[in-house]
Structure formats: C-alpha cells, structure tokens
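What follows is a single structure, written as structure tokens, with notes after it.
Below, all heavy atoms of this structure are taken into account, side chains as well, without hydrogens, waters or symmetry copies.
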Amino acid sequence: MFVELMPLLKERTLLITVARVDDRVKVNVIPAKVKEGEDHALTTPLSLTGSAEELDSELGRHLAGYVDSHLALGSTLAEAKAEMDAAAKAARQKVKATQQASKADPAVAKKDESSGPAAPATDTTPSLFAAQQDAEPTTPAAGQEGGKATS
C-alpha cells in the first residue's frame, strides 16, 4: 500500500483515515494542498469501502491508479500553466515592440492614425421611410370607388 503512495508522497502530504462502517471498512486518502491557490482537482480525495479481504487484495491496485491519475493531472496543469505564461509573455513583448516602433518613428505613427477614410462615403442604403414618401398611393381614397366620387 505505501509503495504505491510513494510517488504522491514526494509531492504532498496525505491524510489517510480508516473507519468501520457496519461490517465493512472505509479508507479515505486525502491529499493536502501544497500551496495556496492550487487547483482543487489536485486535492480530490480517494474513498474506498469494502470488506477487509477486498481491501487487502485490491487497495494497492486502486491506490496505484489514483496516484498515476493524480500525477498526470498535476503534469497537465503545469504544462497548461507554462503555455499560458509563455503566450502572455509573447503578447507583452509584441505590445512593447509595437510601442517602441511607434516612438522611434512618430511620422509613421501619425500616418497610421490619419490613414482612416478621408471623407465619409455617401450613404447609398435606402431608407425604409423614403420609399413610402416617394411612392404614389395606389389604393383608392376613402369614400371613392374606382376613382369616382360617391355622394
């Protein structure tokens, strides 16, 4: 049992509790936080319940799987954090380089700022209401039939 836990014990403290529940035994393996702000997934406990014989024969295998999963998760989280840090650093360097380039050549910066459209283009999109104002009425006026006045 402890041989399987050794890789995880190298990284963090574990709290192990054992309790009797009716005729069965319940074992909890609870990893402690290494540092504040650590991902909660790395402190997910393992809880197994079974007969004493079952736990004697199976506990080592389950602990080995738990430790492997825990170490893989920790490695994946560390890799993701390193990638995010590298991307953030690259973005900061890009912004810094852009700012230095614009400071070095102010004429280019002013040209970039004034490179927008010189004059706004005329709006060619027709208005919904303009079509109604320009069109002649096609329906007969109230009180008229076929263009003739009724009395």
Side-chain angles (χ1 to χ4, degrees), residues 1-139 142:
M1 173 173 121
F2 293 101
V3 171
E4 291 85 0
L5 291 176
M6 284 307 292
L8 191 54
L9 283 169
K10 289 179 184 175
E11 295 183 8
R12 64 185 65 242
T13 302
L14 298 174
L15 173 66
I16 299 174
T17 62
V18 181
R20 182 176 177 174
V21 180
D22 297 326
D23 288 340
R24 303 178 69 133
V25 178
K26 183 173 186 172
V27 177
N28 296 306
V29 179
I30 307 164
K33 280 188 176 182
V34 174
K35 58 185 175 188
E36 194 62 37
E38 182 177 48
D39 193 298
H40 292 292
L42 293 174
T43 59
T44 302
L46 171 69
S47 183
L48 299 169
T49 303
S51 68
E53 293 80 19
E54 290 172 332
L55 290 176
D56 278 344
S57 64
E58 300 291 324
L59 183 60
R61 185 173 56 84
H62 288 293
L63 287 175
Y66 174 74
V67 169
D68 288 344
S69 297
H70 192 279
L71 294 175
L73 176 62
S75 175
T76 302
L77 288 173
E79 289 172 10
K81 184 177 183 321
E83 288 176 11
M84 289 187 291
D85 290 345
K89 183 178 178 181
R92 284 192 298 270
Q93 288 176 347
K94 184 178 179 181
V95 168
K96 187 177 180 180
T98 304
Q99 289 174 345
Q100 288 177 351
S102 66
K103 287 179 183 177
D105 194 2
V108 172
K110 286 184 181 181
K111 183 178 179 182
D112 289 342
E113 291 173 3
S114 64
S115 66
T122 58
D123 189 14
T124 58
T125 306
S127 170
L128 176 66
F129 299 107
Q132 290 178 351
Q133 294 171 354
D134 294 340
E136 293 181 20
T138 56
T139 57

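Closest non-hydrogen pair, Arg24 versus Gly50, comes out as NH2-CA, 3.4 Å. The two atoms that bring Val67 and Glu4 nearest to each other are CG2-O, 3.4 Å, heavy atoms only. Considering every non-hydrogen atom in both Tyr66 and Pro31, the closest pair reads OH-CG, 3.1 Å. Nearest heavy atom pair, residue Ile30 against residue Pro45, reads CG1-CB, 3.8 Å.
Evaluation of the side chain to side chain donor-acceptor pair (under 3.5 Å) test over residues 83-96, restricted to residues two or more places apart or in two chains, returns Lys81-Asp85.
For Arg20 (side chain) and Asp22 (main-chain N/O), a donor-acceptor pair under 3.5 Å exists by modelled atom type.
One finds the CG atom of Asn28 at 7.5 Å from the OG1 atom of Thr49 (value rounded to the nearest 0.5 Å). Taken from CG in Asp68 to CG in Leu73, the straight-line distance is 12.5 Å, to the nearest 0.5 Å. Note: Ser57 OG to His62 NE2 = 8.5 Å, rounded to the nearest 0.5 Å. Separation of atoms CG (Leu63) and CG (Leu46) is listed at 6.0 Å; rounding is to 0.5 Å. Interatomic distance, NZ of Lys26 versus OG1 of Thr17, reported as 8.0 Å (0.5 Å rounding).
Side-chain contact between Glu54 and Leu48: absent, with no pair of heavy atoms (C-beta onward) separated by less than 4.5 Å. Taking 4.5 Å as the limit, every side-chain heavy atom of Glu53 sits out of range of all side-chain heavy atoms of Asp56. When side chains are defined from C-beta on, Ile16 counts as touching Leu5, because their heavy atoms get closer than 4.5 Å.
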